[in-house]
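Note sheet for the following structure.
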Amino acid sequence: MEPLTLRYTVDGDSFTTAGEASTDMKRSLKRIGADADLIRRASICMYEGEINMVIHGGGGQASVTFDGQKMEIVLTDRGKGIPDIEAAMREGFSTATQEVRDLGFGAGMGLPNMKRYADEMVVESKVGAGTTVRMVLYDDPQRNA
Amino acid sequence: MTVSQLADALNLEALCGSAETMDAAVAGGYCGDLLSWVMGRAPEGAAWLTIMSNPNVAAVASLGSLSCVILTEGVRPDTQLLQRMISEDIPLLRSGEETFKLAGKIYKLLYA
């Protein structure tokens with residue numbers, strides 16, 4: 001399988017364009033013939049990351065590398081950072097505004113969903129400086145068996 | 001059961017969907033309006049019942065590999081949602097019925 005390297009800039013101002021990077025990544029993974037379950041998991045992880053960057057990060061950068069077996073997704077923003085990562089990882093914990101919630105986001109499921117669908121995930125954050133989320137996903141047909 | 005058969009059986013109004021995607025199998029269903037909740041929990045191929053009608057619904061349906069979106073309770077999509085559903089080629093259906101009642105009927109068709 002052809003290896004893949006993708007880089008995106010995520011616009012921090014627009015909820016309507018959120019998902020463009022995820023959609024492009026999904027299309028690229030389909031094109032090289034990646035496994036359907038891996039594509040779905042990666043798409044969910046990437047989309048949640050994009051939405052987080054719009055809600056909390058003021059936009060940011062996303063990179064994706066895939067060698068046919070191992071995929072690494074790195075999301076970096078220079079937003080306000082996460083004061084309590086442990087709390088942010090709990091389902092239902094949210095600091096999103098009412099405006100964001102009215103759009104159907106801010107349910108406190110972003111990071112938990114990413115952890116659920118990635119095989120490995122590390123969150124590094126500094127208040128006032130930004131957040132980096134690294135996720136690794138493996139093409140593993142046994143995962144859902 | 002295909003999306004098209006589901007639409008016919010329940011008299012759903014099809015707002016968009018190509019012949020190919022209307023012919024896709026409906027593999028279960030999911031009801032919800034919180035997008036990340038749906039993204040994390042809806043099974044692949046599910047019919048998604050929601051009253052949320054903003055364009056982000058299209059992204060969730062596409063990236064979550066859902067078979068179709070059904071707007072319930074008489075909700076109409078905003079223009080951007082319809083455009084995105086057309087460009088992503090995911091069937092968008094509509095019903096005047098309450099989510100609970102429609103979900104019950106779909107459950108019966110799929111599993112009873």
Side-chain angles (χ1 to χ4, degrees), chain A residues 10 14-30 34-52 54-56 73 88-89 91-94 96 99-118 143-144, chain B residues 18 20-21 24-28 30-73 75-90 92 99:
Chain A
V10 177
S14 175
F15 273 104
T16 41
T17 56
E20 281 182 357
S22 311
T23 303
D24 183 80
M25 180 196 72
K26 183 179 181 181
R27 205 174 290 135
S28 302
L29 288 168
K30 264 187 172 172
D35 171 72
D37 180 64
L38 179 72
I39 294 176
R40 181 166 186 267
R41 292 193 292 123
S43 299
I44 293 171
C45 290
M46 182 79 162
Y47 183 65
E48 294 289 8
E50 263 192 87
I51 291 297
N52 274 347
V54 177
I55 297 176
H56 305 288
I73 302 176
M89 293 302 300
E91 286 192 3
F93 179 88
S94 177
E99 188 190 0
V100 167
R101 289 168 198 253
D102 288 346
L103 288 169
F105 297 110
M109 294 296 289
L111 286 170
N113 275 349
M114 289 152 84
K115 189 172 171 60
R116 183 176 182 177
Y117 287 102
R143 186 184 157 100
N144 291 330
Chain B
S18 65
E20 190 187 341
T21 53
V26 176
Y30 200 83
C31 305
D33 306 312
L34 295 175
L35 302 184
S36 287
W37 200 275
V38 176
M39 189 65 131
R41 306 291 172 101
E44 187 174 355
W48 173 20
L49 280 65
T50 184
I51 55 164
M52 197 55 84
S53 63
N54 66 51
N56 303 106
V57 166
V60 171
S62 165
L63 297 165
S65 303
L66 307 184
S67 59
C68 63
V69 174
I70 307 173
L71 296 177
T72 57
E73 320 254 356
V75 166
R76 293 179 189 282
D78 76 14
T79 318
Q80 279 182 310
L81 171 60
L82 182 57
Q83 282 167 355
R84 274 180 83 166
M85 294 297 282
I86 292 169
S87 70
E88 297 281 341
D89 190 16
I90 304 162
L92 180 62
T99 303

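Quantities reported herein were computed from a predicted structural model and do not represent experimental measurements. Chain letters run A, B, ... following the sequence lines, proteins first and then strands; every chain starts at 1.
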> What is the minimum heavy-atom distance between B:M52 and A:G104, and which atoms define it?
Replying inline: CE-CA, 3.5 Å
> Atom CD1 of A:I39 and atom CD of B:E44: how far apart are they, to the nearest 0.5 Å?
Replying inline: 10.0 Å
> Using a cut-off of under 4.5 Å for heavy-atom pairs, which of B:Q80, B:R84, B:E88, B:R41 has the most such pairs with chain A?
Replying inline: B:R41
> To the nearest 0.5 Å, what is the distance between CE (B:M39) and CD1 (A:I51)?
Replying inline: 8.0 Å
> Taking B:N54, B:V60, B:L35 one by one, which has the highest count of heavy-atom pairs under 4.5 Å against chain A?
Replying inline: B:L35
>> Is A:N52 close to chain B through its backbone or its side chain, or both, or neither, when contacts mean heavy atoms under 4.5 Å?
In response: neither
> Who wins among A:M114, A:E91, A:R101 for the most heavy-atom pairs under 4.5 Å with chain B?
Replying inline: A:E91
> Does B:L82 CG have over 12 foreign heavy atoms under 6.0 Å away?
Replying inline: yes
> Which atom pair, heavy atoms only, marks the closest approach of B:S65 to A:K26?
Replying inline: OG-NZ, 3.6 Å
>> Please identify, among B:V57, B:N56, B:T50, the residue contributing the most non-hydrogen atom pairs under 4.5 Å to chain A.
In response: B:N56
> Closest approach of B:G40 and A:R116, non-hydrogen atoms and distance?
Replying inline: O-NH1, 3.4 Å
>> Below 4.5 Å, heavy-atom pairs only: which of A:S22, A:G19, A:P112 has the largest tally toward chain B?
In response: A:S22
>> Between A:M109 and B:L34, is there a side-chain heavy-atom distance shorter than 4.5 Å?
In response: no
> If you take all heavy atoms of B:A59 and A:A18, which pair is closest and at what distance?
Replying inline: CB-O, 4.4 Å
> Does a side-chain heavy-atom distance below 4.5 Å link A:I44 with B:L63?
Replying inline: no
> Measuring heavy-atom distances to chain B, does A:E20 have an atom under 4.5 Å in its side chain, in its backbone, in both, or in neither?
Replying inline: neither
